[in-house]
Amino acid sequence: MCGIIGYIGQRDINTVLLAGLWKLEYRGYDSAGIAVICDGEIRIRKSIGKLKVLADILDKEPLSGNIGIGHTRWATHGEPSQENAHPQVDCNNTIAVVHNGIIENYLSLKESLVRERHLFRSFTDTEVIPHLIEKYYNGDLLEAVRLSMNKLSGAYAFAVISIREPDKIICVQKNVPLIIGIGEGENLLSSDMLAVLGLTRKVIVLENNEMATLTRDSVQIVDIEGNEVIRNPTIMDGKAIKIDIAGYPHFMLKEIHEQPKVIQQNIDKRLKNQIPMNSTFQPFELGLSESELAKVGRIIIQACGTSWHAGKVGKYLIEKFCRIHTEVDISSEFRYRNPVISGGSLAIAISQSGETADTIAGLREAKISFIRVLSIVNVINSTIARESDDVIYINAGNEIGVASTKAYTAQLFALSLFSLYLSKLKWLMGEEELTARLSKLMEIPDKMQQVLQRESEIINIAHKYYKARNFLFLGRGVNYPSALEGALKLKEISYIHATGLPAGEMKHGPIALIDDQLPVVCINPKGSVHEKMMSNIQEVKARKGKIIAIATEGNVEIANIADDVFYIPDCPESLSPMLVALPLQMLAYHIAVLRGLDVDKPRNLAKSVTVE
Ligand code: AGP
């Protein structure tokens, strides 16, 4: 939920720390700060608000030095303020720390440290770390950090500098990712790959309960007992580095428009030479054998937010094509509900970032029950990817906008293809039907492009409703999750209260909300529940709700009922969520822009929720 960076080497410390923080800002932007060792002192600059505030301060009052740490914050404990901004220091400003994660036992630690007359200045959980290190420091900074780690409970990654040993940075991680970049005469650390790859492609992923000491010319890793760990660096693919906004006003709009290309790239990668169908159809490289997959009797999907919505679409697809009982859990519920897991079950974790704490915990919960875990992930080598038995990468590229868009439709593509593949393995779908369905899947990029070319229609609708205080999104069947996703997109970037509901549920209470001020997005493409949904739309109409319909081209009837209609190209019902998502994303985007909000960095949010 926060981003930490550390650097030691010969470059200008302001430039290199800020460059890293700009790449980490999507993880949290309530406050930012850096600490540098200069002339035997720790010097700090920090500010509340987005990184630009800190950048302006450093522009006017740059720090000098070649060793430093930096932080961009999503507040967990203690409101966004100057005092609560990181770095946090010990009593005499000899030790500085930046931290990502949560120290669960910070209150008891703080009470005992205050009793020992330590001077606290913030309301953060983080501040106990420099004071613990100060308490345990006895001439060996690494040992003091190790002893402190033994006192901390929770999930955390932090970096430490101290004037007592001014030629090194020490960093540690426990269940929160930390990447180390190896340079020539320089080394750095970061919460994720993006900030490291800007400087070097030689990386080491620190594992759980490991500590690393970075000097200009060395990186040494030890485990929590102090035993040396030998780990060879990985040379990452340089292509992953490229992040540019490509002339768009926001990353979110760029990523909305990237979706046809992302799906096409996945088609090229997974379906090349697979059509016409032959018996060797194998779109995924899985450790699970085809016979093991064919025996799967139950699937449990767990995820959060938009990924959970993708999982709910996945349920419809898997049950429709594979006839496998499929449950879909929100990860933060799954991990505590002690699920009944039987043999022959497969757990599927879905996550764009691969770092969502609740989903990681759900994955570990599933593994305790000895069932295989397949994850559907975007970020290569992320924690979820590394800890799963099998991974399906969605190849959506870096998604910077906090509101997930291209990753969502790439997740839906992966789930669509997986359900067809599993159906074939279970002898439930013949080659002729499979070929036909795969051919329809391959038409999606063009159909997405057709939708995106009519963005101006969405802009007109956005102009009509951007001042609304509430929205309702209705869908049925495989597009009930589309209603949830449309509501989430709108609320998280426009701050308008929005609810997604299964349309059949309206009459059981929510219909009381309908009046002539309430915009109701009714998702009703061609499909098995189309007529039922038309009835629900009539119910809304009868109560003067403002109807924004999403329908399949050629549906003239709906135009006579709805106040606005956005048409999507004809496609199989099972694939319609991939097309429905685009007008929903564009509607949320343009409403947020009309409301003058920061679309890519909405308030209170962060791109990767690495704390529970
Ligand atoms: C989606 O627009 C939100 N930003 C959020 O709900 C997100 O989907 C959720 O936090 C899960 O993230 P993940 O896919 O990286 O696990």
Side-chain angles (χ1 to χ4, degrees), residues 1 3 25-29 74 176-177 191-194 250-253 255-256 259 301-314 328-335 348-364 373 375-388 391-394 396-412 414-415 473 481-482 484-495 498 500 581-582 584-589 592 597-612:
M1 201 66 114
E25 193 184 24
Y26 72 93
R27 301 168 65 89
Y29 30 83
W74 184 82
V176 170
S191 295
D192 69 27
M193 212 60 89
L194 286 180
H250 299 101
F251 277 106
M252 183 180 176
L253 189 61
E255 289 151 8
I256 287 173
Q259 293 178 97
I301 299 173
Q302 56 106 16
C304 301
T306 288
S307 297
W308 177 61
H309 300 153
K312 288 182 78 69
V313 173
V328 188
D329 272 80
I330 285 178
S331 301
S332 54
E333 291 298 309
F334 175 74
R335 63 185 293 194
I348 298 180
I350 304 176
S351 175
Q352 187 284 130
S353 63
E355 302 299 347
T356 298
D358 288 323
T359 309
I360 291 170
L363 178 157
R364 291 172 180 165
V373 175
S375 63
I376 298 176
V377 173
N378 190 32
V379 177
I380 312 291
N381 213 20
S382 55
T383 302
I384 290 175
R386 291 201 315 274
E387 295 195 12
S388 299
V391 186
I392 292 178
Y393 282 118
I394 64 171
N398 295 316
E399 186 177 70
I400 303 301
V402 164
S404 187
T405 51
K406 62 177 181 173
Y408 175 62
T409 49
Q411 289 166 344
L412 296 183
L415 286 160
F473 290 75
S482 299
L484 296 174
E485 175 61 9
L488 176 62
K489 285 287 93 58
L490 184 68
K491 74 179 87 170
E492 70 175 324
I493 63 173
S494 71
Y495 315 152
L582 275 58
L584 297 178
Q585 293 163 357
M586 291 190 285
L587 181 64
Y589 172 82
L597 298 170
D598 187 336
V599 171
D600 284 334
K601 301 189 196 80
R603 70 185 180 197
N604 306 339
L605 284 172
K607 182 63 181 175
S608 176
V609 185
T610 57
V611 293
E612 67 169 279

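The analysis underlying the following values was restricted to heavy atoms, covering all of them including side chains, and did not include hydrogens, waters or symmetry mates. Just so you know, ligand 1 is whichever comes first in the structure, and atom 1 is the first atom listed for that ligand.
The part of Thr356 lying near ligand 1 is the side chain, judged by heavy-atom distances below 4.0 Å. Contacts between Lys489 and ligand 1, counted as non-hydrogen atom pairs separated by less than 4.0 Å, involve the side chain only. At a 4.0 Å heavy-atom cut-off, ligand 1 touches Leu488 through the side chain alone.
Residue contacts with ligand 1: Gly354 is placed with no nitrogen or oxygen under 3.5 Å of a nitrogen or oxygen of the ligand (distance criterion only). Not a single N or O atom of Gln411, backbone or side chain, sits closer than 3.5 Å to an N or O atom of ligand 1.
Of all heavy-atom pairs spanning Ile350 and Gly311, the tightest one is CD1-CA, 3.6 Å. Taking each heavy atom of Pro602 and Glu492 in turn, the nearest pair found is CB-O, 3.0 Å.
Of the protein's heavy atoms, Val402 O, 2.8 Å lies nearest to atom 4 (N) of ligand 1. What sits closest to atom 3 (C) of ligand 1 on the protein, heavy atoms only, is Glu492 OE1, 3.4 Å.
There is a side-chain donor-acceptor pair under 3.5 Å between Thr383 and Glu355. Side-chain contact annotation: Glu399 with Ser404, donor-acceptor N/O pair under 3.5 Å present.
Residue contacts with ligand 1 leave out Glu355, since none of its heavy atoms falls under 4.0 Å from the ligand.
Set against the non-hydrogen atoms of Ser404, the atoms of ligand 1 under 4.0 Å away are 1 (C), 2 (O).
Ser353 places none of its side-chain heavy atoms less than 4.5 Å from the side chain of Lys607.
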